[in-house]
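Okay, so here's the structure we're looking at.
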Amino acid sequence: GENVEQHPSTLSVQEGDSAVIKCTYSDSASNYFPWYKQELGKRPQLIIDIRSNVGEKKDQRIAVTLNKTAKHFSLHITETQPEDSAVYFCAATFYSSASKIIFGSGTRLSIRP
Amino acid sequence: GAVVSQHPSWVICKSGTSVKIECRSLDFQATTMFWYRQFPKQSLMLMATSNEGSKATYEQGVEKDKFLINHASLTLSTLTVTSAHPEDSSFYICSATGRTSGFASTDTQYFGPGTRLTVL
């Protein structure tokens, strides 16, 4: 079936430390993997994405890695800051009757001062 | 660019009434729009996918007669919750993908600000 699993559900890190969130997907045909940040009551915001022809992508303090063989991808946030506190969702595209994005269950990231 | 709006931002209605939510792409043509529902502290659950001019494709478990979706133009999709009940209270979010020179890819989804529905 179409499934994206995300771990951990909650994550608390000291300010300045790194945070890692991991996801797995079920369909080997998936080829687009976006990550979203959502603050309470607001829309999800795309923070980084990666395609299956790339193993890693970096944008300042945020990086994403993809292992197609294992159907696994991860978000890495370095030098965490208080404003990084939010819920993060991984997602993956699935192609059945139409192209669609399925979300993981979310990770609530808290940055301790 | 790639701005998606939703209206209303919140709505309170009585049980048994119908509510219409609009989703608009403001500066691009949305070839595909998606409707999600998000309950408190949960993930976004895809309800349906709609392409302009064709019938929506509903996800398993989503009642198409209860959640009516219309995508009549390349900039507007509507979701009507018919005979709403308290269990339909949720945060409804739309997203859109486009096919213009400003888009990195047709997979990239841009989200509306969401509509909070409360059914009394």
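First the proteins, then the strands, lettered A, B, ... as listed; each starts at 1. Nothing here was measured: the structure is a model prediction, and the numbers come from that model.
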Check your understanding: Of all of B:R116, B:Q6, B:E59, which one pairs up most often with chain A through heavy atoms under 4.5 Å apart?
Key -> B:E59
Review point. For A:P44, is it the side chain, the backbone, both or neither that has a heavy atom under 4.5 Å from a heavy atom of chain B?
Key: both
Check your understanding: Which bit of B:F111 is near chain A, if near means a heavy-atom gap under 4.5 Å: side chain, backbone, both or neither?
Key -> both
Review point. Out of curiosity, A:N31 CG to A:R51 CZ, how far, rounded to the nearest 0.5 Å?
Key: 6.0 Å
Practice item. Answer yes or no: is there an ion pair linking A:D49 with A:K57, defined by an N-O contact shorter than 4.0 Å? Key: yes
Review point. Side chains of B:H71 and B:T78: does their closest heavy-atom pair fall under 4.5 Å?
Key: no
Exercise for review: Consider only side-chain heavy atoms of I, L, V, M, F, W and Y, link residues closer than 4.5 Å, and tell whether A:V54 and A:F73 are in one cluster.
Suggested key: yes
Check your understanding: A:Q38 versus chain B, heavy atoms under 4.5 Å apart: side chain, backbone, both or neither?
Key -> side chain
Check your understanding: When only pairs under 4.5 Å are counted, which of B:T32, B:L44, B:L46 shares the most heavy-atom pairs with chain A?
Key -> B:L44
Point to revise | Residue pair A:E56 / A:L66, side-chain heavy-atom distance below 4.5 Å | key: no
Study note, to complete from the structure: Bottom line for A:L46: the part with an atom under 4.5 Å from chain B's heavy atoms is side chain
Study note, to complete from the structure: If one checks every heavy atom of A:F103 against chain B at 4.5 Å, the contacting part turns out to be both
Revision key, fill the gap. The interface call for A:E2 against chain B, heavy-atom contacts under 4.5 Å, is side chain
Exercise for review: Would you check, one step at a time, whether the test side chain to side chain donor-acceptor pair (under 3.5 Å) holds for A:R112 with A:S12?
Suggested key: CA-CA 7 Å; A:R112 302 191 304 271; A:S12 178; 2.9 Å; yes
